[in-house]
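In what follows, residues are counted from 1 in the order of the sequence shown.
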Amino acid sequence: MFTTFLTDETGAVTIDWIVLTAAMVGLCLLATTIMDSTTLELSEGIGQFMQDTAPEGK
């Protein structure tokens with residue numbers, strides 16, 4: 001019974017999909033983190049530029 005359990009390949013595809021899904025989630029989180037910090041820096045730069053070039057009357 002134990003040998004049969006060790007050699008049984010039922011569910012092996014499920015493990016592959018779990019690993020692939022976890023890798024994709026990890027890559028998405030990494031990309032989101034990189035884009036978040038870059039976007040924040042870019043928007044702060046744009047905001048500063050707009051404040052520096054405000055019309056004279058304001």
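A donor-acceptor contact shorter than 3.5 Å is absent between the side chain of T38 and the backbone of M35. Here the side chain of T39 pairs no donor or acceptor atom with the backbone of D36 at under 3.5 angstrom.
In this structure, the separation between CD1 on I46 and CD on Q51 is 12.5 Å, given to the nearest 0.5 Å. Atom CD of Q48 sits about 10.0 Å away from atom OG1 of T53, to the nearest 0.5 Å. Distance check, rounded to the nearest 0.5 Å: OG1 of T21 to CG of D16 gives 10.5 Å.
Paired with L29 under the rule side chain to side chain contact (heavy atoms under 4.5 Å, CB included), one option of L27, T32, V25 passes, and it is V25.
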